Trainee: 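Pasting a structure here, questions to come.
Quick caveat, the model's predicted, so the values are computed rather than measured. We use all heavy atoms of the structure for the numbers below, so side chains are in, but hydrogens, waters and symmetry mates are not. Naming: A, B, ... by sequence-line order, numbering from 1 per chain.
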Number of protein chains: 2
Amino acid sequence: MVKRLHEPVLDQLLAVVLLLNADATESLGRLGLSVPRATLAWQLHHEGPLTQRALADALRVTPRNVTGLVDGLVETGFVTREPHPTDRRATLVSLTAHGADVMEEMARQYVELAELLFGDMTEFPAFARGLEHVLHKLQAALA
Amino acid sequence: MVKRLHEPVLDQLLAVVLLLNADATESLGRLGLSVPRATLAWQLHHEGPLTQRALADALRVTPRNVTGLVDGLVETGFVTREPHPTDRRATLVSLTAHGADVMEEMARQYVELAELLFGDMTEFPAFARGLEHVLHKLQAALA
DNA sequence: TATTGTTATACTCTATAACTATA
DNA sequence: TATAGTTATAGAGTATAACAATA
């Protein structure tokens, strides 16, 4: 039975999902961030200053939602709101020095996590190919 | 450089996490359930009727939270509250016939998802071993 | 007319704390 | 005293809809 072979592995994959979520929430909490706020800040870290509209599109979330996330990030000192230089409707959101520092720390922890998970894996290439296979299947299914 | 090898795979693993979350939210929504409510119902499907206290422990969530989730599931016809036969403080939560039907459907979809993800994977055993490795690393890191 | 971001409102999930009814 | 579940309260994240300012 194929099912007997595959279902336990799906269980493990879902367990990995749960643990990664828990780990992310925990680690980000120590940095003073929630997962949605960290996602927004991470976007700024990669793309540079963005309008709230651009952030809403990137996070696939409503503009109203971005207002709330940015409010929180401004309050806690991770980002600033500045007027857009040419479009007076728009607001540019930028990382503060503190925000940029924390993003650097996130990047370091990201590398550490990759090392932890894969560093001593004996079948890394086969695992990586399998993961790519899974990703493509999911992308196709959700397209 | 080991980092160059591992980071993109972590990217893919996280992409899989995001897509699985999206897929779960979407599929459960079609069944009339949110992820937390489905988790609670799934527990009842596996364990049979449980007290709210037992559900709170199983979901690692406060008793107050269970009250809210059960309220929603009662309103939408998935579960019932009944007095505990021997402990008059406690409430037994059970799946309705409709709730049980939906759990059967969830189980079918679970098998389908396992088939979709792994059914035609050429390196399934190596992938499964790699996933187990990742799971153990995460469990150890979070213990 | 269309777009940007806001206010207004509401829902879900989460938490703590105080309380009632029972054990 | 301890436990089960509730009410009271609060906060984060999400959504839609109406609106003001600007393009």
Side-chain angles (χ1 to χ4, degrees), chain A residues 18 21-22 24-26 28-44 49-94, chain B residues 18 21-22 24-44 47 49-94:
Chain A
L18 283 178
N21 275 335
T25 303
E26 166 70 23
L28 294 174
R30 277 196 297 269
L31 297 175
L33 289 166
S34 62
V35 172
R37 288 182 189 181
T39 306
L40 193 157
W42 191 246
Q43 193 70 22
L44 296 176
L50 292 174
T51 64
Q52 296 193 184
R53 176 75 241 178
L55 286 166
D57 292 341
L59 308 193
R60 292 164 182 278
V61 116
T62 61
R64 176 61 184 93
N65 202 336
V66 170
T67 298
L69 296 176
V70 171
D71 283 352
L73 286 164
V74 168
E75 235 175 51
T76 48
F78 288 90
V79 309
T80 57
R81 275 194 180 95
E82 286 161 50
H84 191 285
T86 65
D87 186 340
R88 288 201 294 174
R89 294 170 306 178
T91 304
L92 265 190
V93 184
S94 312
Chain B
L18 283 179
N21 275 335
T25 303
E26 167 69 23
S27 306
L28 295 174
R30 277 195 298 268
L31 297 176
L33 289 167
S34 63
V35 172
R37 288 181 190 181
T39 307
L40 193 156
W42 192 244
Q43 193 70 22
L44 296 176
E47 304 287 331
L50 292 174
T51 64
Q52 297 193 184
R53 177 73 241 177
L55 285 166
D57 292 341
L59 308 194
R60 293 164 182 279
V61 115
T62 61
R64 176 59 185 95
N65 202 338
V66 170
T67 299
L69 295 176
V70 171
D71 284 351
L73 286 165
V74 168
E75 235 174 51
T76 48
F78 288 89
V79 309
T80 57
R81 275 193 179 94
E82 286 162 50
H84 190 285
T86 64
D87 186 339
R88 287 201 292 174
R89 294 170 306 178
T91 304
L92 265 189
V93 183
S94 313

Trainee: Distance check, rounded to the nearest 0.5 Å: Arg53(B) atom CZ versus Arg89(B) atom CZ?
Mentor: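 The CZ atom of Arg53(B) sits 11.0 Å away from the CZ atom of Arg89(B).
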Trainee: So, applying side-chain contact (heavy atoms from CB on, under 4.5 Å) with Gln52(B), which one of Val70(B), Asp57(B), Leu40(B) is it?
Mentor: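 That would be Val70(B); it is the only one of Val70(B), Asp57(B), Leu40(B) passing the side-chain contact (heavy atoms from CB on, under 4.5 Å) with Gln52(B).
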Trainee: With a 4.0 Å heavy-atom cut-off, tell me which residues in residues 31-39 of chain A come close to DNA chain D, sorted by residue number.
Mentor: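 Hits under 4.0 Å, by residue number: Ser34(A), Pro36(A), Arg37(A).
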Trainee: Are the side chains of Leu55(A) and Val61(A) in contact, using a 4.5 Å heavy-atom criterion?
Mentor: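 No, side chains not in contact.
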Trainee: Just the rounded figure in Å: distance from P of dG13(D) to CG of Asn21(B).
Mentor: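 Result: 16 Å.
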Trainee: What integer distance in Å separates Asp57(B):CG from dA4(D):C1'?
Mentor: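 One finds 11 Å between C1' of dA4(D) and CG of Asp57(B), rounded.
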Trainee: So do the side chains of Leu59(B) and Leu69(B) get within less than 4.5 Å of each other, counting heavy atoms only?
Mentor: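 A side-chain contact exists here, since the closest heavy-atom pair is under 4.5 Å.
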Trainee: Which whole-number value in Å describes the distance from Leu69(A) CG to dT6(C) P?
Mentor: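 In whole Å, dT6(C) P and Leu69(A) CG are 12 Å from each other.
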Trainee: Counting only non-hydrogen atoms, which of residues 70-83 of chain A are less than 4.0 Å from DNA chain D?
Mentor: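 Listed by number, there are none.
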Trainee: Grab the two heavy atoms, one from Leu92(A) and one from Pro85(A), that are nearest each other, plus how far apart they are.
Mentor: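 Minimum heavy-atom separation between Leu92(A) and Pro85(A): CD1-CD, 3.9 Å.
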Trainee: Given dT14(D), dC13(C), dG5(D), identify the nucleotide with an atom nearest to the side chain of Arg53(B).
Mentor: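 Minimum distance to the Arg53(B) side chain belongs to dG5(D).
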Trainee: To the nearest 0.5 Å, what is the distance between CG on Leu33(B) and CH2 on Trp42(B)?
Mentor: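 Those atoms lie 11.5 Å apart.
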Trainee: Indicate yes or no: at least one non-hydrogen side-chain atom of Asp71(B) is less than 4.5 angstrom from one of Arg81(B).
Mentor: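 Result yes, sub-4.5 Å side-chain heavy-atom pair found.
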Trainee: To the nearest 0.5 Å, what is the distance between NE2 on His84(B) and CG on Leu50(B)?
Mentor: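 Going from the NE2 atom of His84(B) to the CG atom of Leu50(B) covers 10.0 Å.
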Trainee: Is Thr67(A) near enough to dG5(C) that one of its side-chain N or O atoms lies under 4.0 angstrom from OP1 or OP2?
Mentor: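 No, outside the criterion.
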Trainee: Thr51(A) and Ala90(A): which non-hydrogen atoms are nearest, and at how many Å?
Mentor: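 Answer, listing the atom of Thr51(A) first, then Ala90(A): CG2-CB, 4.1 Å.
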Trainee: Between atom CD in Gln52(B) and atom C1' in dT7(D), what is the gap in whole Å?
Mentor: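 Gln52(B) atom CD is separated from dT7(D) atom C1' by 14 Å.
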Trainee: Roughly how far apart are Leu31(B) CG and Arg37(B) CZ, rounded to 0.5 Å?
Mentor: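 Atom-to-atom, Leu31(B):CG and Arg37(B):CZ are 13.5 Å apart.
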Trainee: Given atom CG of Leu59(A) and atom P of dG5(C), what is their separation to the nearest angstrom?
Mentor: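 Answer to the nearest Å: 13 Å.
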Trainee: Along nucleotides 16-23 of chain C, 5' to 3', which nucleotides get a B, which get an S, and which get a -, given that the test is a protein heavy-atom distance under 4.0 Å?
Mentor: B----BBS
